[in-house]
Every structure is written in C-alpha cells, then in structure tokens.
Amino acid sequence: MSNPSYSISLIAGILSARSYIVNDQAIITKLVIDSRSVIDPEESLFFALDGKRDGHEYLNHAYTNGITNFVISNRNYADRFPDANILLVADVLTALQALARYNREHHKLKTIAITGSNGKTIVKEWLYQLLAADFNIVRSPKSFNSQIGVPLSVWEIEENHTLGIFEAGISRAGEMDSLAKIIQPNIGVLTNIGEAHAEGFSSTKEKLLEKLKLFKNTELFIYCPEYTEELSLDQLPGKLKFSWSFKQKADLQILFIEPIDGRNYIRAIFKGEEIECLIPFSDKASLENGVICWATLLALGYSPQQTDSLLEKLTLVSMRLELKNGINQCSVIDDSYSADISSLAIALDFLNLQNQHPKKTLILSDLYETGKSDEDLYAEISALLKQKNVNRLIGVGSHISAAANLFDMETSFFESTTAFIESFPSLHFSNETILVKGARRFEFARISKLITQKIHDTVLEIDLNALAGNLQFYRNKIQHGVKVMAMVKAFSYGSGSFEIANLLQYHKVDYLAVAYTDEGVALRKGGISMPIMVMSPEPSAFDAIVKHKLEPEIYNLDILKEFIGFLNENVEGYPVHLKIETGMHRLGFEESELSDLLEQLNGTKKIKVVSVFSHLVGSDDPMHDEFTAYQLARFTAVADKIRNGVGYSFIKHISNTSGISRHPEAQLDMVRLGIGLYGFDGGLAHNKGLQTVAVLKTTVTQVKPIKPNETVGYSRRGALPNGGMIATVKIGYADGYNRKFGNGVGKMLINGQLVSTVGVICMDMCMLNVTGLDVKTGDEVIVFNGELTIAELAKQIDTIPYEILTNVSQRVKRVYFYE
Ligand SMILES: *Cc1c(COP(=O)(O)O)cnc(C)c1O
C-alpha cells in the first residue's frame with residue numbers, strides 16, 4: 001500500500017481551513033484518527049475527531065508520538081504546539097470526508113460500492129479475489145465502512161489504481177448521502193436487507209430508501225428483487241439494473257442448488273440459457289454471497305465460463321483476529337489472512353490492547369504487493385514495531401531475512417515456514433503474547449497450530465468488537481460526565497477474564513467490578529491497571545486486596561471494622577465502596593446503622609469512601625417502576641446523609657443495565673453495566689440495538705441410523721418411532737448444557753437446520769435427531785448464536801439468559817475475535 005501525497009497547503013485549501021502553517025514543506029501521506037496508531041509521524045495528519053471523548057484531548061499524545069500536522073475545530077488549541085501545522089475547521093469529521101472526496105474526484109478509476117445488512121465485507125473481499133487478475137484494485141481495509149472508515153478507505157486511492165471496491169455501512173438515517181459523495185460509485189451492489197429494528201430504522205422501507213441513496217448516480221445496480229419488494233422499479237437506482245433471485249424471474253435466476261462434498265453446485269438461467277457454477281462453501285451465507293458475486297461478474301460482462309472457473313477458486317475470508325491460549329502460558333493472536341501494513345498496524349494495536357504478558361512477539365512473513373522497495377518497506381515496519389513495543393521479531397521469508405539489519409530488537413529469521421518449524425524447539429516460546437501474521441502463501445496456519453493449545457471441540461467464541469459496540473450503545477444513552485463501571489464478575493458473565501477486561505480498559509471505562517478477590521487478582525496479573533471493585537471481600541483475602549490495590553465493597557459494620565483493623569497505621573485514604581440496602585435485602589447498610597457507620601468512618605484516616613451505591617431489584621420491568629423510584633429516593637436520601645456526615649463527596653451509583661436503558665433519572669454519577677455488554681437487556685424489547693457477543697459451538701462426533709424399536713441414551717429415554725438418524729455431539733451437562741435440554745426440549749443448528757435433542761443429555765455428549773438431513777462427522781454444530789439466541793434457550797428451560805451464559809463451564813475453551 002502506498003498512499004497519495006498532498007502538501008499541507010493544498011490540504012488547507014481543500015478544507016478551506018483557517019491555517020497556521022509553520023512548515024509548508026510538510027507532505028501528508030497518512031491520515032490518523034487514533035493517537036495510538038501512528039506509523040509514519042512526519043507524513044501523518046491527525047484529525048481530532050469527537051468520539052467517546054473530545055479528540056482534542058488526544059492532541060498531546062499524538063504530538064508526543066511525533067505528529068506535527070493537525071486538523072482541529074476548537075480554536076483554543078490552535079497555538080498549543082508552536083512548531084506544528086494547525087488547520088482549524090468548523091467540523092473535523094466533515095473535513096476528513098471532504099479530503100477523501102477530493103482524492104476520489106481526482107482519480108478516474110471505476111468504483112464498486114457495496115451496502116446491505118450482512119455480507120458486505122465478504123462480498124467485497126470475494127470481488128477482490130475474483131477481479132484482482134484484471135484490475136489494480138484499492139479496497140476498504142477490513143470492514144472499514146462507517147462515516148470515518150469510508151473516507152479512510154477512499155484516501156488510499158492513488159494514480160495506478162484501476163478499480164476501487166468499497167463497503168458502506170450506516171447506523172442511522174441521513175448518513176448515506178455523505179458516503180455516496182465520498183465513494184461516487186459507478187456500480188452498486190446491494191447484498192441483502194435484514195430486519196429493520198436491528199439497525200435502528202423504524203421500517204424496512206425507510207431503511208431501504210436510505211441505503212439506496214448510495215447508488216443514486218450509478219450506471220449499474222445489482223440486487224435481489226425480494227429485498228426491494230417494497231419499492232417500485234422506478235424507485236430503484238441505476239441506469240442499468242441486474243437482478244438475481246433464488247425464487248423468481250431475474251437476470252440471474254437460480255434453478256437449483258445441490259450440495260456436493262461441502263460445496264454448492266448451482267444451476268441458473270441467464271439470457272435464456274442454463275449456466276452453472278460451483279461455490280466452494282456449504283453454508284447458507286456463503287451461498288448467497290457467492291451468488292451476489294456471480295451476478296456482479298456477469299453484469300460486468302464476464303462470460304458464464306469465465307465466472308465458473310473464477311468462482312470455484314474463492315477462498316475463505318476470515319476478517320477476524322483470533323486470540324487463543326498458547327503453549328507454555330503464551331497467548332496467541334492469529335491473523336494469517338492479510339499481510340499488508342495497514343492490517344499489520346491494526347493487529348499490532350490489538351497486541352497492545354491485550355497486555356496480559358509483558359513480552360510481545362511477532363512472527364511475520366514477507367509482505368507482497370506493497371508498491372514499495374524492500375528497503376523502504378522493512379524500514380517502515382521496523383519503525384512500526386518499535387513504536388508498538390514489539391520485543392521480539394521472528395521473520396519468515398527471504399525478503400524479510402535480507403532486511404535483518406534494519407531491526408534492532410531480539411530477532412530470528414527463517415527462509416521458509418518449513419525451516420521455522422524445524423527450528424521450533426529452539427525458539428522457546430514462554431509467557432509472551434505472540435502475533436502470527438503472514439501472507440497466505442506462507443501457510444502460517446501450520447505455525448499457529450504448533451503454538452496454540454489444542455482445543456477441545458466445543459468452543460465459546462467471543463466477538464470483542466460486538467462487546468465494544470454494546471459498550472458504545474450504552475455510552476450513547478448516558479449523560480455527559482456519568483462514569484461507567486463494567487461488571488466483569490463470574491468470568492465476565494462466562495465470557496472470559498482479562499481478555500474482556502483488557503478491552504474495557506482500552507475503551508476507557510472508569511471502573512471494573514468483580515465478585516471475589518481471586519478474580520481481581522487474576523485481572524491484575526493479566527495487565528489490568530485500572531480501579532477494580534471487589535463485591536465480596538472475604539477477610540481472609542484482605543492481604544491480597546491491599547497487595548493488588550483492589551477496592552473492597554463494604555456492606556456492613558463488621559466488615560468495615562475488620563478492614564480498618566487490618567490496615568496498617570500508616571495507611572491513609574484506602575479507597576472503599578459502601579453498599580446501601582434499599583430493597584434487595586441481600587447486602588448493605590440499613591438506614592438505622594448510619595450513625596455507627598459515620599462514627600467508624602470519622603474515627604479513622606485509613607479509609608476513604610470513593611463511592612456509595614445500591615442495587616435496583618426490578619429495573620427491567622415496568623411493573624416495578626414505582627419500587628424503582630422508591631429505591632432511588634431512599635438511596636439518594638441515605639447517600640446525602642453520608643455525604644454530610646463525612647464532609648466530602650463521592651461517586652453515587654444505583655443503575656444496572658436495564659436501569660440505564662429504562663431509567664435515565666437514575667444514572668447519578670456512575671452506572672454499573674453488566675449483562676448489556678454481553679448482548680442482553682431485559683428492559684429492551686428483543687435486545688434491540690445490541691449485538692450478539694457469544695457463540696457456543698461444538699462438533700458432530702458420529703452419525704448413526706436408529707431402528708424404530710431401538711432407544712437412545714441412558715434410561716432408554718430417547719426413541720425415533722419411525723427410525724432415523726442420530727448425530728452424537730461433543731457437549732454435555734459438564735460443559736454447561738443443562739440436562740433440562742434433553743428429550744427434544746433443546747435445539748441446535750447444523751448446517752443452518754434446526755434439530756432437536758433425543759434422549760437425556762449425558763455428561764460430555766448429547767444426541768440429536770438428524771433424520772433426513774445431510775450431516776456427517778466433523779460438522780459444526782451451533783448451540784447458540786445470533787440466530788438461535790441465548791434468550792430462546794433460556795425460555796426453553798425456564799431460566800434467564802444470565803444463567804445460560806455463566807453456566808458454560810471453564811472446560812469449554814474461549815476464543816476471542818477482533819476485527
Ligand atoms: C451484577 C451486578 C450488576 C450488573 O447487573 P446487570 O443486570 O447485569 O447489568 C450491577 N450491580 C451489582 C451490585 C451487581 O452485582
């Protein structure tokens with residue numbers, strides 16, 4: 001990747017900025033929006049965008065990282081750095097978009113824009129694979145498709161590109177216009193349209209009309225009529241239109257689909273003739289995405305024969321970084337999908353975000369098609385590794401090996417992946433975070449297999465981006481200045497421990513809370529330095545609490561006295577949190593104990609109350625709204641008395657997840673966000689607006705026929721009266737799959753089909769009825785995901801999502817994904 005280059009004065013003109021230019025020789029090649037991700041500071045322009053915080057707060061940090069060119073909107077910062085170029089604009093995001101639009105307008109390439117509810121990134125990557133031989137393509141990195149992601153993608157267009165493929169995603173009405181102006185697409189691809197409410201629109205029609213604004217001026221529009229039913233043909237964009245459908249007459253009309261050996265053979269009608277292709281994937285989503293690509297190629301004028309031979313070579317696109325447990329207490333981040341500098345920078349940011357081990361190692365292959373000389377390329381990478389605090393580099397390939405002298409850190413180099421594997425025992429991986437990143441042809445999957453722990457076939461996949469998205473969802477609901485305490489008790493509701501906490505720390509929540517001291521200690525050992533509250537601070541663990549700077553919840557006089565007694569005489573102002581009883585009748589001080597409490601607090605300098613809180617018992621249910629109001633009033637009255645009694649103020653908090661979504665008046669100084677982070681909120685209809693974080697998967701171990709008179713499992717409880725097929729899968733009650741799911745109550749998904757349990761659930765296994773379905777050993781089985789939801793499972797066995805999630809046992813390996 002090499003970027004366009006513009007002089008700072010030209011940029012000042014494009015943005016109509018009020019400029020303070022001290023160095024007019026500055027040339028800009030990179031746009032930076034995160035002060036932590038700087039590759040090439042001299043040639044970078046920092047945009048002080050408003051995000052969770054005011055971007056101007058990060059100017060100092062960006063400056064310390066070597067940046068001397070800034071776009072800002074607050075004039076108070078204009079003379080902060082006398083030796084830097086400052087461009088003052090009315091709105092920083094608009095400026096970023098204007099610059100990208102300028103770059104697009106000055107290049108004559110053809111562009112394809114992709115939008116829709118799902119599949120944008122896969123379709124973009126597949127079109128790239130299919131068209132790369134015929135065009136020099138620039139495309140969105142990863143899933144950069146937002147108001148910020150699109151301009152950053154379009155900025156990468158430069159002289160020699162002949163085709164751009166960009167995805168565009170929006171979260172609310174009114175956003176598509178600006179994206180259309182930036183991409184100015186010639187060709188539009190609409191992937192599909194999902195439920196309106198899931199994306200914050202009031203109706204499907206509204207959503208559709210908004211999305212189609214992207215394609216207003218396109219020459220060619222590729223779509224499926226089932227997704228645009230609510231509009232008439234003349235409401236659709238595109239001078240030319242090309243339709244595809246599985247159900248009705250269309251330019252590409254699918255006739256039938258036959259699964260063969262994990263692939264899909266498809267026949268269709270195109271221009272009155274039968275044509276065929278093979279899509280090398282078996283799942284439903286890949287089938288649809290594959291057909292969208294097929295339609296696009298045909299619409300672009302490729303012959304049916306050409307499309308057939310191109311499509312069968314499609315390869316898996318994994319956009320995600322995987323974080324897994326490695327051998328010898330290592331953590332492994334696996335990213336062997338794309339090897340270019342921008343994705344390396346993203347992966348290195350994730351390496352730094354997950355700081356459970358002080359030592360950071362990168363295994364990196366040669367990079368290809370970067371448009372740079374080896375000398376420049378590896379010098380740039382070397383600077384990047386230094387800036388990202390990589391301690392050890394293992395380079396694989398002849399090019400990176402030849403550049404060995406450019407890297408001043410612990411290094412080893414190998415000519416090939418095989419040479420690496422032969423020397424593996426001498427590399428001594430231990431207690432470090434290892435990022436594995438290589439070009440596809442180096443087959444680094446062989447390396448990650450060596451250094452990751454073997455995974456028992458049942459895994460809980462955690463989508464860290466979804467979790468960060470859910471955090472943002474609640475941040476948008478809280479008033480400015482209200483703090484967030486994230487509840488990560490019980491292994492983050494079953495989702496993990498320091499992996500989740502590291503993400504929350506990175507996203508700057510204010511506090512974490514755990515149930516027990518051990519959990520807090522584990523977080524400290526995993527690199528968490530932010531404040532942590534411990535809700536059940538058993539006296540035997542006071543030692544560990546103080547040693548690891550954990551902050552105890554104090555819920556009665558006994559524990560208060562014990563803790564004061566435990567602290568050394570010279571300790572001053574140790575932070576504690578007071579729990580007040582307002583209606584839960586679980587833990588907490590009663591109003592009648594206030595005078596004793598104050599006497600204790602005022603009799604010592606050893607501790608300081610940093611927060612006072614209580615817990616709502618029914619914030620999710622309108623039925624309890626009156627009681628919620630009563631709890632809030634009672635709490636504020638007690639907190640005020642404590643405030644007056646101790647003579648200083650502290651943080652007050654009472655709201656949990658549903659409190660945030662349903663009771664804005666109860667936000668006080670801080671909210672305690674729990675299950676909402678993990679994608680559930682009893683106070684929201686259908687968890688509207690939240691993303692699925694956890695997916696539990698297992699595999700089929702065996703498939704066998706059953707006769708009408710035979711039975712399945714213990715106590716002969718299962719039977720198929722007409723005979724059929726049984727699949728045994730590797731999950732049982734010891735993994736957290738409750739016995740109540742037995743005998744047909746529980747359902748799982750295999751190859752997109754819903755199947756039921758047969759017989760009782762065993763300790764490590766259970767059996768499913770797969771009669772009449774194409775299921776074989778090794779097939780993936782979904783226990784829950786975004787389609788078969790935890791909420792549904794909870795309903796099936798009459799419990800709540802909290803229990804389903806936290807019951808997934810520790811034996812089930814957690815794998816984390818980050819895009
Ligand atoms: C678990 C817990 C929360 C979080 O509750 P959610 O409903 O999961 O948001 C808040 N406060 C306390 C004291 C808790 O124990």
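Both counts, for ligands and for their atoms, begin at 1 and track the order of listing. Predicted model, so just to flag it, every value in this text is computed and none were measured.
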### Task
Note the single closest protein heavy atom to atom 9 (O) of ligand 1, along with its residue, its atom name and the distance in Å.
Thr657 OG1, 2.5 Å
### Message
My understanding is that we take every heavy atom of each candidate and find the minimum distance to atom 1 (C) of ligand 1. Doing that for Met487, Lys579, Lys489, which one comes out nearest?
### Response
Lys489
### Where ligand 1 meets Ile675 - atom numbers and elements under 4.0 angstrom, heavy-atom basis
6 (P), 8 (O), 9 (O)
### Query
Are Asn476 and Gln472 linked by a side-chain donor-acceptor pair shorter than 3.5 Å?
yes
### Query
Do Gln356 and Asn502 have side-chain N/O donor and acceptor atoms under 3.5 Å apart?
yes
#### Entry: Any N or O of Ser658 closer than 3.5 Å to N or O of ligand 1
no
### Check: Glu538/Thr517 side-chain N/O donor and acceptor closer than 3.5 Å
yes
### Message
Just by distance, no angles: are the side chains of His615 and Arg672 close enough, under 3.5 Å, to form a donor-acceptor pair?
### Response
yes
### Heavy-atom nearest neighbour in the protein, as seen from atom 4 (C) of ligand 1, with distance rounded to 0.1 Å
Tyr493 OH, 3.3 Å
### Message
So, 4.0 Å and heavy atoms of Met535: is ligand 1 close enough to count as a contact?
### Response
yes
#### Entry: Polar atom proximity, Gly674 to ligand 1 (N or O, under 3.5 Å)
yes
#### Entry: atom 7 (O) of ligand 1: nearest protein contact (heavy atom, Å)
Tyr802 OH, 2.7 Å
### Identity and distance of the protein heavy atom lying nearest atom 11 (N) of ligand 1
Arg672 NE, 2.8 Å
## Note on the structure
In terms of heavy-atom contacts, Phe680 and Tyr474 come closest through O-OH, 4.3 Å
#### Entry: Donor-acceptor side-chain pairing of Ser661 and Asp681 below 3.5 angstrom
yes
### Task
Output every pair passing side-chain hydrogen bond (donor to acceptor under 3.5 Å, both in side chains) with a member in residues 575-589, not counting sequence neighbours, ordered by first then second residue.
Glu551-His577, His577-Ser611, Thr582-Ser614, Thr582-Gln631
